[in-house]
Amino acid sequence: MSEIATFPAAAEATRLRAAVVGASGYAGGETLRLLSAHPGIDVATVTGHSSAGRPLAEVAPHVDVPGSLLLEETTADNLAGHDVVVLALPHGESGRIAAELESLDPAALIVDLGADHRLERAQDWADYYGTEHSGTWTYGMPELPLLGAGQEGPERQRDLLRSARRIAVPGCNATAVTFALVSLLRAGLIDPSALSAVLPVGYSGAGRTAKQHLLFSEAAGGAAPYGVGGTHRHIPEILQNVRRASGIEDARLTFTPVLVPMSRGILAVLTTPAAPDVTEDDLLGALLADYDGEHFVQVLPPGQFPSTQQVTGANTVRIGATVDRRSGQVTVISAIDNLVKGTAGAAVQSMNLALGLPEGLGLTRTALAP
């Protein structure tokens, strides 16, 4: 994508004003970190709940935002008048404030990092969240291949994001699994009725709220599964992505995330029966057919597999795949930083498209090491 690294110098004179809601949380803080280095955005307003009234420099001292911003109360009045509003709130909360803001400031670009606007089917929302569905916004995964690719209609999700004013950012676990999964299903290389994923996940994925099981003394040296037995709320989102990318309506997914003692990162390990005579070259060929040329998606050479350290701080997903000939199982492994490509990076990437800016502006695929 040739547009990734370029930014018209004249555009720097017309920087856009952004507000970040939930700025004291991990997702909001990561969004602030990325926007603070974005050449086309000025962070003008930050809001919080329990942190309202505190200086941003005290709540997020790692973020270099010019000026002396104070966290304000999250109200539609405080958010109106910005070019971009990023909502980094728990599920069930962004729907309400978004509805209020839409009536007050319909022209604003609203980007929701929460779950409220991701799902297309109201019944899926009711089944997994148990409340009233807030509606469906344009899904913020630019690289997602769509079923109509090469025919009439959009080929990638980015084609829909270019005209979006309301964006629903994907879930982090859903991002890691989707990138590893949909290309192989599109190519008919794996069994859609027997998909299984286990995901070691860093503790930042559980949020910043203090809870006993998130304390260092409770978490260090151990691994703890959650959302076991088909209960995790990213499952309908992944299956929705499968439908949109492949047309498969009856895929079945066993999905088990596991908290492990690292701050950030997801390593999604997917296993599923291979179609007859499938080879490693077939798997990598299908992945490359969808992602070759995608700036932020890296398909690894044969015999190579990613680690979370390779993507820490980067807006990158790295994918490796192989076949176990003895068991007849395909293994696909993807790695992302849950706070960047899994959340804030996807938000900025999608925001850039909606604003007509270069897609990769303010983002990097270079990770931190060690």
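Just so it is clear, the model here is predicted, and its values are computed rather than measured.
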Following the transitive rule for hydrophobic clusters with a side-chain heavy-atom cut-off under 4.5 Å over Ile, Leu, Val, Met, Phe, Trp and Tyr, establish whether L288 and L184 coincide in one cluster. yes

- Would you please say whether a donor-acceptor pair under 3.5 Å links the side chains of Y139 and E237? yes

For residues 361-370, the salt bridge (charged side-chain N to carboxylate O under 4.0 Å, His left out) pairs (sequence neighbours left out) are none

task: Verify the neighbour count for atom CD of E132: are there more than 12 heavy atoms of other residues, nucleotides or ligands below 6.0 Å?
output: no

Students often mix this up, so state it plainly: with edges at 30° and 60°, are the rings of H91 and W125 parallel, tilted or perpendicular? perpendicular

Rounding to 0.5 Å, atoms CG (N338) and OG1 (T175) come to a distance of 10.0 Å

| Any donor and acceptor pair, going by atom type alone, linking the side chain of S334 with main-chain N or O of R318 inside 3.5 Å? | no

dist I336:CD1 -> T312:OG1 (nearest 0.5 Å) comes out at 11.0 Å

**OP:** Tell me yes or no: between the side chains of D191 and S193, is some donor less than 3.5 Å from an acceptor?
**Re:** yes

Walk me through it: do E249 and R121 pass the test salt bridge (Lys or Arg N to Asp or Glu O under 4.0 Å)? CA-CA 13 Å; E249 292 282 345; R121 297 178 176 177; 3.1 Å; yes

- Query: Are F296 and L357 linked, directly or through other ILVMFWY residues, by side chains that come within less than 4.5 angstrom of each other?
  - Reply: yes

Taking 4.0 angstrom as the limit, do E143 and K341 come out as a salt bridge? yes

- Item | Distance-only polar pair, side chains of E73 and T75, donor-acceptor under 3.5 Å | no

Enclosure of H133 NE2 (heavy-atom neighbours >12, cutoff 6.0 Å): yes

d(R165 CZ, I110 CD1) to nearest 0.5 Å is 9.0 Å

Tell me yes or no: between the side chains of Q349 and R158, is some donor less than 3.5 Å from an acceptor?
-> no

Quick check on the hydrophobic clustering: are L16 and I167 connected, directly or via other members, by side-chain heavy-atom contacts under 4.5 Å? yes

Output for pair (L239 CG, R244 CZ), nearest 0.5 Å, gives 14.0 Å

Going by an N to O cut-off under 4.0 Å, is there a salt bridge joining D42 and R17?
no

Q) So, T271 versus Q329: side-chain donor-acceptor pair below 3.5 Å or not? A) no

Derivation and outcome, salt bridge (Lys or Arg N to Asp or Glu O under 4.0 Å), residues D337 and R264:
CA-CA 6 Å; D337 184 323; R264 49 167 92 201; 3.0 Å; yes

